[in-house]
Amino acid sequence: MSEELYRLVYYSRNAIDGDEAALAAAISSILEKSQINNQRVGVTGALMFNSGCFAQVLEGSCSAVEAVFERIQQDERHGDVSLLAFDPAPSRAFENWSMGFVGASVDDAARYGTLVQASGFDPARMTGEALFETLYRLALEEERAAA
Ligand SMILES: Cc1cc2nc3c(=O)[nH]c(=O)nc-3n(C[C@H](O)[C@H](O)[C@H](O)COP(=O)(O)O)c2cc1C
């Protein structure tokens with residue numbers, strides 16, 4: 001019997017110091033590690049960086065998502081980690097992504113993603129559902145662009 005699927009949504013504030021290049025390198029390294037780790041434990045999801053904030057969706061078994069989120073919360077590359085949702089989900093929204101980076105390329109996100117006023121994006125004002133919908137829409141756009 002397959003385990004019940006869960007979906008977790010959170011946002012956090014960037015704590016990576018340094019210039020654009022350092023930020024881009026740190027995000028790339030987070031993604032590389034995430035893709036390896038998540039694939040191993042059947043977790044899928046998406047990450048975005050904008051306005052100095054990370055927003056992330058994780059989906060998988062309850063125990064796998066909890067274990068990954070536990071590690072993420074300890075990570076000093078971000079802070080003020082705010083959990084918006086952690087609920088059973090009917091199906092995976094990011095089936096093809098062990099951890100997709102959405103919204104912009106890593107380089108563009110590092111270049112422009114610290115400009116709060118540029119986009120008006122403020123995950124602190126969004127519900128878990130709205131943030132999930134945003135990442136899902138961006139992932140669909142990227143899948144379409146890649147096809
Ligand atoms: C914004 C952000 C998102 C992250 N997302 C994940 C993730 O999806 N999966 C993961 O394994 N680690 C993720 N990490 C990294 C973890 O915090 C941690 O560094 C990593 O899991 C440690 O892996 P290791 O024990 O294999 O070295 C993320 C870190 C940050 C700052």
Side-chain angles (χ1 to χ4, degrees), residues 3-89 91-116 118-143 146:
E3 262 185 282
E4 191 174 8
L5 183 74
Y6 273 73
R7 179 177 300 140
L8 183 152
V9 184
Y10 79 86
Y11 72 90
S12 60
R13 307 257 170 222
N14 175 41
I16 299 162
D17 275 338
D19 59 8
E20 280 166 20
L23 184 56
I27 295 175
S28 294
S29 140
I30 287 168
L31 281 172
E32 205 174 307
K33 187 48 110 21
S34 301
Q35 284 158 1
I36 294 166
N37 286 347
N38 295 356
Q39 192 159 19
R40 199 177 292 142
V41 296
V43 166
T44 48
L47 175 71
M48 79 178 285
F49 178 74
N50 200 339
S51 301
C53 292
F54 290 101
Q56 192 171 26
V57 178
L58 300 166
E59 45 189 30
S61 72
C62 186
S63 57
V65 169
E66 270 180 340
V68 172
F69 186 55
E70 194 57 45
R71 284 203 311 275
I72 291 175
Q73 282 179 281
Q74 310 292 325
D75 198 311
E76 294 185 349
R77 290 171 287 189
H78 64 172
D80 297 340
V81 176
S82 303
L83 180 64
L84 293 181
F86 186 31
D87 302 300
S91 60
R92 285 185 195 262
F94 303 98
E95 204 170 6
N96 305 323
W97 308 65
S98 52
M99 189 44 61
F101 192 71
V102 300
S105 68
V106 170
D107 283 344
D108 281 350
R111 199 167 300 142
Y112 305 115
T114 50
L115 303 173
V116 180
S119 66
F121 175 77
D122 182 2
R125 298 170 66 106
M126 291 171 88
T127 62
E129 186 62 25
L131 202 49
F132 162 70
E133 291 292 343
T134 300
L135 274 93
Y136 183 54
R137 182 176 50 76
L138 291 168
L140 285 181
E141 278 172 20
E142 300 217 355
E143 281 188 343

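As the structure lists them, so they are numbered: ligands from 1, and atoms in each ligand from 1.
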Contact with ligand 1 for Leu58, non-hydrogen, under 4.0 angstrom: yes
Heavy-atom nearest option to atom 28 (C) of ligand 1, drawn from Thr44, Ile30, Leu31: Ile30
Element-labelled atoms of ligand 1 that are located less than 4.0 Å from some non-hydrogen atom of His78: 1 (C), 31 (C)
Set of ring-ring contact (aromatic ring centres under 6.0 Å, His included) partners for Phe94, sequence neighbours left out: none
Closest protein heavy atom (residue, atom, distance) for atom 13 (C) of ligand 1: Ser34 OG, 3.2 Å
Full working for side-chain contact (heavy atoms from CB on, under 4.5 Å) between Asp87 and Phe132: CA-CA 12 Å; Asp87 302 300; Phe132 162 70; over 6 Å; no
Exam field: side chain Glu20 to backbone Asp107, donor-acceptor pair closer than 3.5 Å: no
Check ion pair Arg137-Glu133 (N to O, under 4.0 angstrom): no
Any N or O of Asn38 closer than 3.5 Å to N or O of ligand 1: yes
Element-labelled atoms of ligand 1 that are located less than 4.0 Å from some non-hydrogen atom of Met99: 8 (O)
Option with minimal heavy-atom separation from atom 1 (C) of ligand 1, where the choices are Phe49, Tyr10, Phe69: Tyr10
His78 and Tyr10 aromatic ring geometry - parallel, tilted or perpendicular at 30°/60° bounds: perpendicular
Partner residues of Ala22 under the side chain to side chain contact (heavy atoms under 4.5 Å, CB included) criterion, sequence neighbours left out: Asp19
Shortest protein heavy-atom distance from atom 23 (O) of ligand 1, along with the residue and atom involved: Asn37 ND2, 3.1 Å
Partner of Val68 by side chain to side chain contact (heavy atoms under 4.5 Å, CB included), out of Leu58, Leu8, Asn37: Leu58
Within the 6.0 Å centroid threshold, strictly below: Phe86 and Tyr6: yes
Atoms of ligand 1, numbered as shown, that sit under 4.0 Å from any heavy atom of Arg77: 15 (C), 19 (O)
Winner among Gln56, Lys33, Arg71 once heavy atoms are compared against atom 11 (O) of ligand 1: Arg71
Atom 15 (C) of ligand 1: nearest protein contact (heavy atom, Å): Asp75 OD2, 3.6 Å
